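First up is the structure itself, then whatever we jot down about it.
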Amino acid sequence: MATMKAVRIHGYGGPEVLVYEDAPRPQAGKGEVLVQVHAAGINPVDWKVREGYAKDRLHHRLPLILGWDVSGVVEVVGRGVKGLKSGDEVYSRPDITRDGAYAEYITIDESLVAPKPVMIDHVHAAGIPLAAMTAWQALFDAGGLSSGQRVLIHGAAGGVGTFAVQLAKWKGAYVIGTASARNQEFLRALGADGTIDYQNVAFETVVRDVDVVLDTIGGDTQDRSWTVLKKGGIIVSIIGPPSPQKATAYDVRQAYVFLEPKLSQLQQITTLADSGELRCIAGTVLPLAEARRAHEISQSGHARGKIILKVR
Ligand SMILES: NC(=O)c1ccc[n+]([C@@H]2O[C@H](COP(=O)([O-])OP(=O)(O)OC[C@H]3O[C@@H](n4cnc5c(N)ncnc54)[C@H](OP(=O)(O)O)[C@@H]3O)[C@@H](O)[C@H]2O)c1
């Protein structure tokens with residue numbers, strides 16, 4: 001049996017359950033492609049799955065390869081694959097219920113695979129699909145953000161936030177982002193019109209008349225966000241459903257988004273990445289064997305932009 005290097009978990013727990021080891025090399029089934037992984041993006045869902053979060057919902061089988069953001073090259077196409085061929089450079093947010101991309105190879109359904117942006121390398125491409133599509137769906141599909149509107153983006157220096165700031169600017173919105181002191185200048189360079197150091201300023205005392213709040217933090221941050229909205233505005237959370245009762249009480253709307261990968265959106269994102277309008281900020285790049293360290297950084301809650309595992 002052909003093998004490959006992979007980082008797997010054999011049980012749920014802390015970063016120590018991540019094991020860099022030999023694993024069976026997967027084979028492309030019907031409608032699937034075998035992708036040689038060049039880089040895998042880290043997302044907080046990776047360590048949440050590692051800890052056993054949603055194990056009843058996602059029905060993972062152990063041992064499990066984590067990581068649901070990937071950029072690489074198609075090596076083999078399975079039966080029935082029409083739109084891709086061996087040698088194509090691609091990226092994807094693969095099916096989260098199956099083995100992920102902390103490995104030398106991954107099989108992915110053709111419907112989830114898009115040509116990668118040609119103007120950026122695999123390391124930067126691997127950080128895009130999950131976080132950029134989440135920002136897109138939260139701001140545009142759920143939030144209905146349009147040109148001239150005002151948006152408050154919590155966690156603007158993080159994986160989703162860095163894409164949200166850029167996408168909202170591209171749309172023509174006025175963008176206010178929250179981050180700690182060390183990221184204020186970074187947010188302005190990313191395009192934010194206003195920034196708030198959330199550790200020293202209560203954002204709800206300085207922001208008002210916002211059309212859309214993007215909540216990537218939850219808890220108290222979500223709770224304190226109602227009063228910054230205009231009447232009829234909307235709070236969109238990617239953490240948990242905001243209270244419908246509070247939305248009614250404040251005369252605003254609320255929505256919760258859980259990413260559903262859509263190839264048409266990823267293709268639009270690819271165009272923006274190729275034109276330089278959307279950049280992946282790869283704040284940390286580590287070799288595959290250092291997945292534990294990558295998880296520790298992600299779990300600190302203070303990563304800047306994306307954390308990427310370089311596989312090749
Ligand atoms: N529903 C979905 O489909 C979906 C999809 C993607 C992600 N998510 C979830 O969304 C959350 C964010 O994901 P992510 O990838 O953006 O995470 P991330 O990259 O780990 O976010 C880290 C960022 O959060 C900032 N931060 C921490 N506490 C903050 C606070 N109180 N106020 C403002 N900023 C704060 C940090 O900035 P400083 O260092 O400056 O403090 C840091 O830049 C995670 O819980 C993730 O699981 C959900």
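Because the structure is a prediction, the values reported are computed rather than measured. As the structure lists them, so they are numbered: ligands from 1, and atoms in each ligand from 1.
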| Heavy-atom pair with the smallest gap, counting every atom of Lys116 and Ala125 | CE-CB, 4.2 Å
| said: So if I count the atoms of ligand 1 from 1 in the order they appear, which ones are less than 4.0 Å from some heavy atom of Thr216? | reply: 11 (C), 12 (C)
| query | Should one rank Gly41, Pro44, Ala181, Ala157 by closest heavy-atom distance to atom 13 (O) of ligand 1, which comes out on top? | reply | Pro44
| Counting only heavy atoms, which portion of Val160 has something under 4.0 Å from ligand 1: side chain, backbone, both, or neither? | both
| remark: shortest atom 21 (O) of ligand 1-to-protein heavy-atom contact is with Gly158 CA, 3.7 Å
| message | A side-chain contact here means heavy atoms from C-beta on lying under 4.5 Å apart; do Asp141 and Val257 qualify? | response | no
| message | Between ligand 1 and Ala303, is the shortest N or O to N or O distance under 3.5 Å? | response | yes
| Taking a hydrophobic cluster as the set of Ile, Leu, Val, Met, Phe, Trp and Tyr residues connected by side-chain heavy atoms closer than 4.5 Å, whether directly or through intermediates, do Ile65 and Val19 fall within one such cluster? | no
| Test item: Val7 and Leu66 side chains (from C-beta on) under 4.5 Å apart, heavy atoms | no
| query | Is the closest basic N to carboxylate O distance between Arg8 and Glu21 below 4.0 Å? | reply | yes
| note | min-distance protein heavy atom vs atom 8 (N) of ligand 1 -> Ile238 CD1, 3.6 Å
| With a 4.5 Å heavy-atom cut-off, do Tyr250 and Leu229 have their side chains touching? | no
| query | Can you find an N/O atom of Gly159 closer than 3.5 Å to an N/O atom of ligand 1? | reply | yes
| query | Do Glu296 and Arg293 meet the salt-bridge criterion of a basic N to acidic O distance under 4.0 Å? | reply | yes
| task | Examine the proximity of ligand 1 to Val257 and report which part, side chain or backbone, both or neither, has a heavy atom under 4.0 Å away. | result | backbone
| query | Can you name the closest pair of heavy atoms from Tyr102 and Asp46 and give their distance? | reply | OH-OD2, 2.6 Å
| query | Hey, looking at atom 22 (C) of ligand 1, which of Ser298, Gly301, Gly155 has the closest heavy atom? | reply | Gly301
| query | Could an N or O of ligand 1 be found under 3.5 Å from any N or O of His154, whether backbone or side chain? | reply | no
| query | Heavy-atom contacts under 4.0 Å between Phe258 and ligand 1: side chain, backbone, both, or neither? | reply | both
| task | Look only at interatomic distance and state if Arg304 has a nitrogen or oxygen under 3.5 Å from any nitrogen or oxygen of ligand 1. | result | no
| request: Could you tell me whether some N/O pair between Lys48 and ligand 1 is separated by less than 3.5 angstrom? | output: yes
| Residue, atom name and distance, where the atom is the protein heavy atom closest to atom 35 (C) of ligand 1 | Ile217 CD1, 3.4 Å
| said: For atom 41 (O) of ligand 1, what's the nearest protein heavy-atom neighbour? Residue, atom name and distance, please. | reply: Tyr198 OH, 2.4 Å
| query | So which heavy atom on Arg279 is nearest to which on Phe163, and how close? | reply | O-CE2, 3.5 Å
| request: Please work out which of the three classes, parallel, tilted or perpendicular, describes the rings of Phe203 and His154, given edges at 30° and 60°. | output: perpendicular
| request: Decide whether an N or O pair under 3.5 Å exists between Asn183 and ligand 1. | output: yes
| said: Please determine whether a side-chain nitrogen of the Lys or Arg among Lys246 and Asp223 lies less than 4.0 Å from a carboxylate oxygen of the Asp or Glu. | reply: yes
| Closest protein heavy atom to atom 40 (O) of ligand 1, given as residue, atom name and distance to 0.1 Å | Ser180 OG, 2.5 Å
| Close N or O approach (Ala179, ligand 1; < 3.5 Å) | no
| query | Less than 3.5 Å between some nitrogen or oxygen of Leu259 and one of ligand 1, yes or no? | reply | yes
| request: May I ask whether Ile307 has any heavy atom positioned less than 4.0 angstrom from an atom of ligand 1? | output: no
| Within a strict 4.5 Å, meaning less than it, do heavy atoms of the Val33 and Val76 side chains meet? | no
| query | When only distance counts, is Asn43 in polar contact with ligand 1, meaning an N/O pair under 3.5 Å? | reply | no
| field | Beyond-backbone contact of Pro15 with Arg50, side-chain heavy atoms, under 4.5 angstrom | value | yes
| field | Shortest protein heavy-atom distance from atom 39 (O) of ligand 1, along with the residue and atom involved | value | His302 ND1, 2.9 Å
